[in-house]
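Report on the following structure.
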Amino acid sequence: MRKINFNAGPAALPLPVLERAREELLDFQGTGLSILEHSHRGPDYDRVHTEALSLFAELMDLPKSHSPIMVQGGASLQFAMLPLNFLRPGHSADYAVTGHWARLAFEEARRVGAARAACDTALADGRHVRVPKPSELLVDPRAAYLHVTTNNTIFGTQWHSLPDSKGVPLVADMCSDILSRPVNAAKFALIYAGAQKNLGPAGLALIAVDRDWLKTARTDLPDILSYAVHLEARSIYHTPPTFAVYLVGLQLKWIKANGGASGMEQRNKAKAELLYGTLDRLKGFYGAPAEKESRSLMNAVFHAASPELDDLFLLEAEKENLTGMRGHRAAGGMRVSLYNAISLSDVTALTSFMESFAKRRG
Ligand SMILES: Cc1ncc(COP(=O)(O)O)c(C=O)c1O
């Protein structure tokens, strides 16, 4: 029996995607080979690859000025590639430090060149419970770029409107909310996201870049680290993670069939309303530290009255086939990830369990 999977990433994949992959695993579309066995230079894989790139561009509603790229190495490689390409000596880049991953991105940039925190929302104990108010974001108008993390996976906070970057090129780590809602891609110089939450399995990052901005990138980098080289090579500069690309393509088709980014947003809002509504109603039993205006539609962080009760919650939930909810060690408690593949009925199963647990243990 399949469990309901609230893991933060790698995360739940839509069942039809897994079923389709199973159906074609041994013989991909009558070719007599698995997609796992096809050459990345052959026409069969090329169709898969091209379709994944173009579906990503379509669903992100990328303007003509922007191009999609796929690169191995997950989002952490992007933490390094971004400053390597765009943070030239003598310049500085701004980072909005709103969570664990935002801080890692910032620290990685500081290894490459000068980087500055345009805000830091950390509490004294290191946790983050909100994104900054517009007045708290102090952008250096000469910065090479402003980097934001649109959804803070570990602390369960999310930007609900775009920050004003004051004309500075805006870059976003959208790992945990990409294609969970529509965004105006034209406002971003570069967007990146690891696939393993909303788009498919682990193994690659999807990127959207403004080609004019890309013209300002350094050209003296090793090829493998250059966005321009990956773009020029249509993301086949070297062997891509072909199976991951194939699965991302299947998931993008599933997103398209379910209403695209706005369809996902409707679905995600309904799930988050149900979960946060339950937490608010049971607030004598559960605590949810993120400030209401900053609550993430993707990751809900909460806890019961004690770490022992949290453990019991997780143990009993497992018996109900509800899995993957242990919070990150930096936040503690529980974290429920409500990515695209999670359905409203999955969340209904969870909220019923939360109600009964609170009744029994409260
Ligand atoms: C917002 C965010 N950025 C970056 C990362 C790191 O991604 P990866 O493990 O693909 O390097 C994560 C992983 O969970 C994340 O949630």
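Start at 1 and go down the list; that is how both ligands and their atoms are numbered.
Considering only non-hydrogen protein atoms, atom 11 (O) of ligand 1 sits nearest to S76 OG, 2.6 Å. For atom 7 (O) of ligand 1, the nearest protein heavy atom (residue, atom name, distance) is A75 CB, 3.4 Å. For atom 16 (O) of ligand 1, the closest non-hydrogen atom of the protein is T153 OG1, 2.5 Å.
A donor-acceptor contact closer than 3.5 angstrom is absent between the side chains of T149 and D173.
The shortest N or O to N or O distance between G194 and ligand 1 is not below 3.5 Å. Considering backbone and side-chain N/O atoms, T149 never comes within less than 3.5 Å of an N/O atom of ligand 1. Distances between N or O atoms of D173 and those of ligand 1 include at least one value under 3.5 Å.
Considering F357, Y276, F302 in turn, F302 is the only one that fulfils the ring pair (Phe, Tyr, Trp, His ring centres under 6.0 Å) rule with Y286.
In this structure, Y95 and H147 have parallel ring planes: the angle between them is below the 30° cut-off, well short of the 60° mark.
Comparing heavy-atom distances from atom 9 (O) of ligand 1 across Q196, K197, M174 singles out Q196 as nearest.
Remark: K166 does not engage D94 in a salt bridge, criterion side-chain N to carboxylate O under 4.0 Å.
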Item to check | Residue pair R110, E107: steps toward the salt bridge (Lys or Arg N to Asp or Glu O under 4.0 Å) verdict | outcome: CA-CA 5 Å; R110 288 167 82 185; E107 283 168 2; 5.7 Å; no

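Aromatic ring centres of F353 and F313 lie closer together than 6.0 Å.
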